[in-house]
Amino acid sequence: MQIAMIGNPNVGKSSALNRLTGSKLFISNYSGTSVELTEARVKISNRDIKIIDTPGIYSIYSHGEEQDIIRGLLEEESIDLVLNIIDATNLDRNLVLTLELLELNIPVVVVLNQIDRSRAMGITIDSQHLSQLLHCPVVTFSAISGEGLMELMDILEKGVLRFTKGIEAGIEHIFHLDTAQPGHCSGDCRNCSITAETCMNIADLQRAEKARTLSKMVSKEQAATEKVWLQRIKSIIDRPVIGTALLLLLAYLAFLFLLKFIELSEGPISSLLEPVNIMLEGFITGQLPPGLITTILAKAVPEGLIIPFTIIMPAMLMVSILMSVLEDTGLLPRYSVALERVGSFFGVSGQAVIPLSLGFGCRTPAVLATRIMPTEAQRFIIITLLSIVIPCAATLGILASVISTFQASLPVIVLTMLGTLMLLGFILSRLMPREDCFIYELPPLRIPMWTNVWNKIKMRFSGFFTEVLPLLLLMSIAIRALMESGLLDIFASMEEFTRLLFGIPAEAFVAVLITIFQRYLAPLVLLNLSLSPREATIAISMIALSLPCLPVMVMTVREIGMKGLIKILAMGFATSFCVGIILNIILP
Amino acid sequence: MTIKDMQVGQRGKVARILKGSTAERRLFEIGIVPGVMVKLLSRHPFQGPLLLEIGNARIALGRKIAASVEVEME
């Protein structure tokens, strides 16, 4: 037997699911889409029941991947009961979806969630009356306090028993127009002169009105019991100026926190791994015959292990925590609103400030954080900007040491980076399809349910061992192979070419290529050359605006696939070379 | 007048959604339908979004969308 949880966004479906089932949750990706469904299995009345949590939607008849999937679920007769979770403080709107679901002839149980919050706001709802009016069970519920859990389990048990007795409902789609209105609905859609769209509109508006009427009939509002000062504090975050400042401050703190976290964890973990690496290298050289492949493997395998454990693992953990907290407290959509103007220049949501500011600390977790972006296209834009332009702390450190040694021009480098950021962002935003429709609901700020956060962390972090580690190992070997193969030596003989285009000696160009692949080699390679300040400025700019380090590439493959990575690599090379050529032309 | 022309703190009743609005369905979803009361809470500077209170929910609208919702002041 399968139960689907359906409701508006932010009503607390996940929290309710948590209450019902504890933490035995599975995440499944709906095939062919980026929509993820969370499932849980419980035993009710001695039967195995699967409860499916769906993405929040406002109406099952709207366009969109989530809506299509939910309609698919309902149409394929695979759902035997619908748990409609509604927000007790917003009955008017929530009941519209309820009315749509009730028309489908699948048993519906309405869960009036956040009942504690509505009481604090002074709202009383007569759930018995509502149940009579809707002709279905209505349970007052609070996922936070657990109120209503027994009653809900009771109703579900009865539902399961009925299901077991073989009373299954068929599914029919009927637009229930009010037949009291003459000339409106004959129920015969094929011969009707009203277009489907208009018919839908009329039905929608009638449902909206009915929802409002029902809500008024069953609710009573009195004085709120929640303290006024608490409300005021919560409202500060929504003030245009102060709120935006606070949100930016939070992003900055997240960046600082990430830096600190990496700093603290890197030390202990690498000293733990040092002996393991030496042992591995020795083992490989000992077991395999001497030769190119052995050298490659001996170096690449330990390399492929150090980085994931010292940098990626702690970073992914920290970012998983950060993202879960941002989502569950209700802060995330506020970034979209506060930074809408800036975001629209780059064609992205204001939420982009989170991964971008994390990127200044370390770009690997920043790429993971791009999951909060609303669309694939926006994720691609931010990952591109992160990969090519945003300098992480490690990069900044390298740049600082090289700049001072060669007396390269800092202002030129900074301006070049800023200019590239604006230009690249602008170009990307025009190339991607833009949705011109800015409507966001800001859920009330709240303290997250920690079991929820913990579940999210577990699910996000679990990919580390199964996906990230093997990929990193593979790519590490590939890059080592490239470098040891002597391919790069070809470029060493192209002195005229590099001087003409970029104004730098061929050695410097090879150095640029090497550091692109292995960032931490940069100081070693560059500092061995003698470069004039002009040459150094160009070389450094080319390095800073090129490709990200290996872990970032691995995360990119994981998030947007190999094709996405190749596109970004191509853009990275193109950017680097263009920057070199242009600077060569402009600089005196 | 439209939501875009409202003053901060004002209350109005949604009269109709102007034709040609691509966001009609999304407006309906979020609860902005004829007959509903809205209150303007704040405006973001530089032509940024407007924050509305509808019932007990807070909804942010872009200026362009806000200009397509006609309201009657109370």
Side-chain angles (χ1 to χ4, degrees), chain A residues 8-10 57-59 61-64 67 87-94 96-97 114 117-118 121 123 197 200-201 204-205 207-209 211-212 215 221 234-235 238-241 243-244 330 333-334 336-344 350 435-445, chain B residues 2-4 6-72:
Chain A
N8 281 186
N10 295 308
I57 55 168
Y58 295 105
S59 157
Y61 299 120
S62 299
H63 292 302
Q67 288 87 342
D87 180 357
T89 63
N90 271 305
L91 273 188
D92 289 20
R93 193 188 64 213
N94 278 251
V96 174
L97 180 58
Q114 306 197 35
R117 195 166 73 89
S118 74
M121 291 173 81
I123 305 172
E197 213 185 305
M200 285 247 352
N201 277 341
D204 284 338
L205 291 175
R207 274 187 220 112
E209 217 190 298
R212 253 193 314 225
S215 165
E221 256 191 79
K234 284 187 193 169
S235 292
D238 290 328
R239 302 257 211 93
V241 181
T244 310
R334 277 149 170 105
S336 301
V337 177
L339 300 172
E340 189 261 343
R341 291 280 91 193
V342 178
S344 66
E435 55 153 72
D436 212 9
C437 177
F438 192 83
I439 304 184
Y440 265 89
E441 181 180 2
L442 295 180
L445 280 184
Chain B
T2 66
I3 291 186
K4 188 171 172 214
M6 284 172 76
Q7 307 274 6
V8 174
Q10 268 191 323
R11 279 202 150 82
K13 179 145 80 159
V14 176
R16 63 189 182 113
I17 316 290
L18 296 172
K19 272 297 158 200
S21 167
T22 46
E24 217 174 312
R25 178 106 204 149
R26 291 227 50 206
L27 284 168
F28 157 75
E29 282 187 335
I30 211 98
I32 299 182
V33 288
V36 135
M37 290 292 291
V38 305
K39 177 178 170 189
L40 184 63
L41 294 175
S42 61
R43 302 171 158 262
H44 279 256
F46 310 118
Q47 299 289 310
L50 293 113
L51 191 60
L52 299 169
E53 192 177 75
I54 303 179
N56 288 314
R58 290 188 166 204
I59 314 284
L61 288 187
R63 298 264 167 141
K64 198 161 163 228
I65 310 255
S68 69
V69 182
E70 226 177 62
V71 287
E72 282 163 5

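Small disclaimer: the values here were computed from a predicted structure and weren't measured. Sequence lines set the chain letters: A, B, ... in the order given, protein chains first and strands last, and positions in each chain run from 1.
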Atom group of B:Arg63 that falls short of 4.5 Å from chain A, counting heavy atoms: neither

Salt-bridge contact B:Glu70-B:Arg16 (side-chain N to carboxylate O under 4.0 Å): yes

Go through the atoms of A:Ala338 and report whether side chain, backbone, both or neither lie under 4.5 Å from a heavy atom of chain B. both

Charged N to carboxylate O below 4.0 Å: is that the case for A:Asp204 and B:Arg25? yes

Please report the interatomic distance OH(A:Tyr440) to CD1(B:Ile59), rounded to the nearest 0.5 Å. 12.5 Å

Main chain of B:Met6, side chain of B:Arg43: is a donor-acceptor contact present, judged purely on distance under 3.5 Å? yes

Flag the one option from B:Leu41, B:Ile30, B:Ile32 with the top tally of heavy-atom pairs under 4.5 Å to chain A. B:Ile30

Per-residue tally against chain B (heavy atom, under 4.5 Å) across A:Pro240, A:Ser59, A:Pro444 peaks at A:Pro240

Per-residue contact mode, A:Ser336 against chain B (heavy atom under 4.5 angstrom): neither

Please classify the contact between A:Asp92 and chain B as side chain, backbone, both or neither, with a heavy-atom cut-off of under 4.5 Å. neither

Which region of A:Glu340, side chain (C-beta onward) or backbone (N, CA, C, O), has a non-hydrogen atom less than 4.5 Å from a non-hydrogen atom of chain B, or is it both or neither? side chain

Tell me which one of B:Ile3, B:Val36, B:Leu52, B:Val33 satisfies side-chain contact (heavy atoms from CB on, under 4.5 Å) with B:Val69. B:Ile3

Which atoms of B:Leu51 are under 4.5 Å from chain A, going by heavy atoms: the side chain, the backbone, both sets, or neither? side chain

Working to the nearest 0.5 Å, report the span between CG of A:Asn8 and CG of A:Asn90. 8.0 Å

Turns out that what part of A:Val337 lies under 4.5 Å from chain B's heavy atoms comes down to both

NZ (B:Lys4) and NZ (B:Lys64) are apart, to the nearest 0.5 Å, by 11.0 Å

Which atoms of B:Ile54 approach chain A - backbone, side chain, both or neither, heavy atom under 4.5 Å: backbone

To the nearest 0.5 Å, what is the distance between CG on B:Leu27 and OG on B:Ser68? 5.5 Å

Contact origin within A:Leu97 toward chain B - heavy atom pairs under 4.5 Å: neither

